[in-house]
Amino acid sequence: MSIIMRLPDSMGCTVASTAVIKSVIEQYKNEDIKVITPFPDLLIGFKCIEIINGNECGIDIFDVDLREYTKRRPHNSLPFRSSYIHMIEMAENQINDQLKRMTPEIILNEHEEEWAKKEIKKYPFPLIWIQSISTSSNRLWPEENWKELKNTFLGIYSFIDLSTAGYSLRESLAIAKYSFSGVCLDSFMVHGSAAVNANNVLVILGSSRPECVTYPGQHVFYKNTECNLQPCAMHGYFNGCKKEHESLFYQKNCIYPQHKCMNSISTKDVIETIKSFGKHKLLNMVRKKYDYNL
């Protein structure tokens, strides 16, 4: 028996879909499993599968195809649940079999982890990574907020923006794993940081539903505003709003000139949460086991 899987085309969804890979391996570990993805480097370390670069592959028939995940409109589909749970459900429907609920994971090797530890030591203060850039404007936090955050901790913490630092995807994940803390948007790192079990991760959301994109142990900042379409999940590469609201956007990702949802998250709340961590908290603490079925 052979199982051919096609993963999503976005980096964040690819990380989330590693839960499906683990579930399929658990169920079919003795079978021939091929996984096709445009981000093959993210799957390094997985055993029992053949990893195929989707940009160099002519296969167009799949047993499991997770590219249609966004058509589920996960941010606005009851019951609200994690993106990777949606993907496992899709795989179950496509192969007509029940799969174990697994959680996303990126497998870093010893060399990558040692490199990250040495890289972090180059910074004069405990390191906080941020990811300030997302692919759609209604997931961005105002630039002045990022500046205030960094200025508040000047001389206390070092900051690095993984959006612009020039690290590879796997290097960024290794940095996140061994940093003191991290702050991100609904972006690659919200999934990636959870997949490497990073510590003290803060997630700033407005147009995204927390139950869909965040993970237990993360500190989530989300505030209901007067926008009754929130969370719209109009993220450019897919329309995540309720179908009856789609016409209100007029091919834009927000019905307002400025994004009220993201602008509503105060810098003060984020700063106070980082202060609560304490400067000398252990970086590689053992995290508790959580129920990831949000």
Side-chain angles (χ1 to χ4, degrees), residues 11-12 14-15 18 39-46 103-134 141 143-204 214-221 267-290:
M11 289 186 291
T14 295
V15 174
T18 59
F39 307 104
D41 286 353
L42 289 177
L43 304 186
I44 292 173
F46 274 91
T103 56
E105 181 180 9
I106 297 296
I107 303 170
L108 298 173
N109 60 45
E110 183 178 351
H111 171 76
E112 291 169 325
E113 294 190 345
E114 290 304 314
W115 170 86
K117 293 174 185 177
K118 291 179 182 178
E119 187 73 6
I120 288 171
K121 286 182 179 179
K122 296 178 181 178
Y123 293 88
F125 305 105
L127 184 62
I128 297 178
W129 59 268
I130 67 174
Q131 187 175 25
S132 66
I133 297 176
S134 187
W141 204 36
E143 179 61 30
E144 57 267 26
N145 291 5
W146 291 111
K147 289 181 180 178
E148 181 182 351
L149 175 64
K150 289 184 280 189
N151 288 336
T152 297
F153 293 108
L154 195 64
I156 301 174
Y157 295 115
S158 297
F159 283 83
I160 182 172
D161 192 342
L162 296 178
S163 302
T164 57
Y167 293 119
S168 70
L169 296 180
R170 295 185 66 85
E171 288 172 340
S172 294
L173 293 172
I175 290 286
K177 180 173 182 177
Y178 288 102
S179 292
F180 173 77
S181 179
V183 188
C184 63
L185 312 167
D186 177 7
S187 58
F188 168 68
M189 287 305 297
V190 69
H191 303 281
S193 63
V196 297
N197 211 29
N199 296 311
N200 302 332
V201 176
L202 293 75
V203 186
I204 300 170
T214 64
Y215 297 81
Q218 294 177 334
H219 301 262
V220 180
F221 297 84
T267 315
K268 178 183 177 182
D269 291 340
V270 175
I271 289 171
E272 289 303 314
T273 299
I274 293 175
K275 286 181 178 179
S276 74
F277 296 151
K279 185 174 181 180
H280 302 293
K281 192 170 183 179
L282 291 176
L283 299 185
N284 196 24
M285 66 180 185
V286 177
R287 292 180 61 181
K288 298 177 181 178
K289 291 184 180 293
Y290 294 93

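Heavy atoms only: backbone and side chains are in, while hydrogens, waters and symmetry mates are out. Sequence positions, counted from 1, serve as the residue numbers for this chain.
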Should Glu114 and Lys117 be marked as a salt bridge (charged side-chain N to carboxylate O under 4.0 Å, His left out) after you check the CA-CA gap, both sets of side-chain angles, and the distance that decides it?
CA-CA 5 Å; Glu114 290 304 314; Lys117 293 174 185 177; 3.4 Å; yes

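Side-chain rings of Tyr167 and Trp115 approach one another, their centers coming within less than 6.0 Å.
Salt bridge present: Lys122 and Glu119 bring a charged side-chain N and a carboxylate O closer than 4.0 Å.
Of all the heavy atoms in Ile133 and Ser187, the pair that sits closest is O-CB, 4.2 Å. Residue His191 comes nearest to Asp186 through the heavy atom pair NE2-OD1, 4.4 Å, listed as atom of the first residue, atom of the second, then distance.
Counting heavy atoms from C-beta outward, Leu127 and Ile175 have side chains that approach closer than 4.5 Å. Taking 4.5 Å as the limit, every side-chain heavy atom of Trp146 sits out of range of all side-chain heavy atoms of Asp161. Looking only at side-chain heavy atoms (C-beta outward), Tyr215 and Val201 stay at 4.5 Å or farther from each other. Here the side chains of Leu173 and Met189 are in contact, with some heavy-atom distance below 4.5 Å. Counting heavy atoms from C-beta outward, Leu149 and Ile128 have side chains that stay 4.5 Å or more apart. In this structure the side chain of Asn109 reaches within 4.5 angstrom of the side chain of Glu112, judged on heavy atoms. At least one side-chain heavy atom of Gln218 sits under 4.5 Å from a side-chain heavy atom of Ser193.
Enclosure of atom CD in Glu143 by more than 12 non-hydrogen atoms of other residues, nucleotides or ligands within 6.0 angstrom is indicated.
Summarising the geometry, atom OG belonging to Ser163 is positioned 7.0 Å from atom CD1 belonging to Ile130; distances are rounded to the nearest 0.5 Å.
Taking the six-membered ring where tryptophan is involved, the planes of Phe159 and Phe153 are tilted, since the angle between them lies from 30° to 60°.
When each of Trp129, Phe180, Phe277 is paired with Tyr157, the ring-ring contact (aromatic ring centres under 6.0 Å, His included) condition holds for Phe180 and for no other.
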